[in-house]
There are 2 protein chains.
Amino acid sequence: MTKKTTIYDIAKKLNITAATVSRALNNNPKISEKTKELVFKTASGMNYEQNKLAQALKSGKSFNVGVIVPRIDSNFFSSVIRGIEEELYPEGYHVIICQTHDQQELEIKNINSLLNAQVDGILMSISNAKLEKNAVFNNLVKKNVPLIFFDRKKDIKNVSSITIDDFKGGYEATSHLIQQGCKRIAHLSNNRNLEIFKNRYLGYKQALLDNNIPFDESLVVETFSKVIEGREKTRLLLQMDNPPDAIFSSSDFSALGAIEEIKESGLRIPEDICVVGFSNEPFTKFMELSISSIDQSPMEMGKITARMFLDEVASEVKVKLEKHVVLTPTLIARKSSLKI
Amino acid sequence: MTKKTTIYDIAKKLNITAATVSRALNNNPKISEKTKELVFKTASGMNYEQNKLAQALKSGKSFNVGVIVPRIDSNFFSSVIRGIEEELYPEGYHVIICQTHDQQELEIKNINSLLNAQVDGILMSISNAKLEKNAVFNNLVKKNVPLIFFDRKKDIKNVSSITIDDFKGGYEATSHLIQQGCKRIAHLSNNRNLEIFKNRYLGYKQALLDNNIPFDESLVVETFSKVIEGREKTRLLLQMDNPPDAIFSSSDFSALGAIEEIKESGLRIPEDICVVGFSNEPFTKFMELSISSIDQSPMEMGKITARMFLDEVASEVKVKLEKHVVLTPTLIARKSSLKI
DNA sequence: CTGTTAGCGCTTTCAC
DNA sequence: GTGAAAGCGCTAACAG
């Protein structure tokens, strides 16, 4: 490793102090234009590069922010990240992405790693609402490291969040199915310890209620966001004495599984059964039988998350105010649920 | 920001030196068990947490490695990353993911950001082979920061790489189509400045040659890895006087576009036209008309990349030896190309 | 086994 | 306008 040039090297060369060099490089107004120019010139001549670590150690700021998501290989999360990047890069921040793969253990590990790396903030979508070991979060809050939740949040004092109105999403999806003439609508739900899934479920229920359709507990099944899960749970639904004529899935992946299973059973979509998913993953549009879904404007969500973070670090105020932004989801009706 | 406790604080409390505390925390064998225990206890009692920045500044190691990919929202790259993480986490490293979105400018920016963040190495898949401004890479090599290319490489002295045998991939895909009885095989190629695409193309060509099928330049079209691109280029192919009876696409996304277009034109798959993609993205399996593709074992690739990096940092040897691992791809034949 | 001391590279008072 | 000096938190060489 060739010795890196430091401000001392360039100071020596110019017969001035390191302090002056530092000031010059930071464009301190007290330094004469002449010196500045000289410093800049020699610096680049010597291939000088600032050591961010030293700077960070001194200033206590690393200009790194951590983003924690369950996984990066879903269009939803990668789009949110893209949104975050677009807002943060221009401000000089760098983004460190971590995945939890829905494992609580990794979630905690990631937070700690990021803290160790002295990130200036953490933007995250929790995978596990239970995470009783609130210790980690309290730690964050105590250390005054800005924490912002997006999409999947947890209610913690002083912590802001940006989510979508999942209740509305569930409500719209279900209402749409009712408008298409469906009477027995099943719901592939998911871990309702997570607010997002609980709210989609509640929206579904409310839509039924508002349309005088009896709520049937047996039509609601917990299903993880996997194709295979969608298939299996749908198989069970189809075997019922009184099977559903529509399925509202809390995930596009399980919706896809549902569609596969329905087709295999010989039923037609949307004539016999309508299907609506959630998230508007790109494949829903690609499919020959395109899948209706709920768009969550992930890019927008990412941008807002980033701006909230920037606001927090900018504010001098000691008393942080908790903000909760809620985006409105949009139903995208496609072939899988359009009978007309 | 509540003042963080440092080793000095705990040293003072115990009436010993910071050095001793440091040694105790690092499990230095020269420290008595008693002191160690005492230190550990008070440390956790005081909520002490190591400042990685200081440590990094001192040791010159940050235990962060940067991973640069064109994008994270393709299963291929996210799987490679997963593989990298699985090998690196146990070794105490942390992974910083950056996306270039195929923009050369971002590519350079990312490298510089990572260098500034003092990463211990960079693992990357280049987006743009031209990147004439070799300066950045030379910089890396000069600074002796381990650099390893995966999937998309560039030939640079002293830089190792791990790729798949794209020639073989192209060859197998094409041979398979020939075996299915196809005689006029088109190829949706891509920017052949990138080795991967050049090699897939060359493999395709060789397979034709070996089977006495005339190579027809007009059947090869440059197509970016997008669904829409696949559609458009396929439309042109179908309009030819002598249209193809098979398409080998260098990307699953353009293969999907090709399939959509073919169906729309009223032709049947695989009866009239067979299609094979590349990468084995999950959706190829999901489709009702599942798409044949070439699997690149991305997880494996990630793991090997990580291990190469670990080897490099472990080796004391000054003279780095360039290693080039080449994985063998596997053809996965599905409905889109199985006539039987 | 533990203390002393110096230094990683940079910033920032406090002087002059 | 610039220099001197201290310190961010940690580690490591040297000494005892």
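Every chain is numbered from 1 and lettered A, B, ... according to where its sequence line falls, protein lines coming before strand lines. This structure is a prediction, so every number in the text was calculated from the model and none was measured.
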| request: Using modelled atom types only, decide if a donor and an acceptor are shared between the side chain of B/Gln99 and the backbone of B/Arg71 within a distance under 3.5 Å. | output: no
Quick check: are there more than 12 heavy atoms from other residues, nucleotides or ligands sitting under 6.0 Å from CD of A/Glu37? no
- prompt: Does a nitrogen or oxygen in the side chain of A/Gln55 sit under 4.0 Å from OP1 or OP2 of C/dT11?
  reply: yes
In whole angstroms, the gap separating P of D/dT11 from NZ of B/Lys61 amounts to 14 Å
Taking for A/Lys52 and for B/Pro29 the nucleotide of DNA chain C with the nearest heavy atom, the one nearer the 5' end belongs to B/Pro29
Note to self: Within 45 degrees of the ring normal and closer than 6.0 Å to the centroid, is that where the cationic atom of A/Lys61 sits relative to A/Phe63?
What the structure shows: yes
From CD1 of A/Ile31 across to P of C/dT12 the rounded distance in Å is 13 Å
Closer than 4.0 Å, any side-chain N/O of A/Thr35 to the OP1 or OP2 of D/dT2? yes
Separation of C/dT12 atom C1' from A/Asn28 atom CG, nearest Å, is 10 Å
_When you measure from the side-chain N and O atoms of B/Tyr8 to the phosphate of D/dT11, is any distance below 4.0 Å, counting only OP1 and OP2?_
no
>> Testing the 3.5 Å rule here: is there a donor-acceptor pair between the side chains of B/Ser127 and B/Glu107?
In response: yes
Taken to the nearest whole Å, CG/B/Leu25 to P/D/dC10 is 9 Å
Hey, does A/Asn15 reach any base, or is it just sugar-phosphate, or nothing, if we go heavy atoms under 4.0 Å? sugar-phosphate
In whole angstroms, the gap separating P of D/dT2 from NZ of A/Lys12 amounts to 20 Å
Q.
Categorize A/Leu53 for me: base, sugar-phosphate, or nothing, with a 4.0 angstrom heavy-atom threshold over every strand shown.
A. nothing
Which atoms of nucleotides 12-16 of chain D (N or O only) lie under 3.5 Å from a protein N or O atom, and what are those distances?
unit_1	atom_1	unit_2	atom_2	d
D/dA13	N6	B/Arg23	NH1	3.0

Do B/Ser79 and B/Asn75 pair up side chain to side chain, a donor and an acceptor below 3.5 Å, judged on atom types alone?
yes
Quiz item: Do A/Asn191 and A/Asn193 have a side chain donor and acceptor closer than 3.5 Å?
Solution: yes
Here the distance between atom C1' of D/dC8 and atom CG of B/Asp9, to the nearest Å, is 13 Å
Between CD1 of B/Ile7 and P of C/dT4 the distance, given in whole Å, is 14 Å
For A/Phe309, the ring pair (Phe, Tyr, Trp, His ring centres under 6.0 Å) test, sequence neighbours excluded, returns A/Tyr93
Here the distance between atom C1' of C/dC8 and atom CG of B/Asn51, to the nearest Å, is 13 Å
Discussion item. Considering every strand and a 4.0 Å limit on heavy-atom distances, what is the contact class for B/Thr17: base, sugar-phosphate, or nothing?
Written reply: base
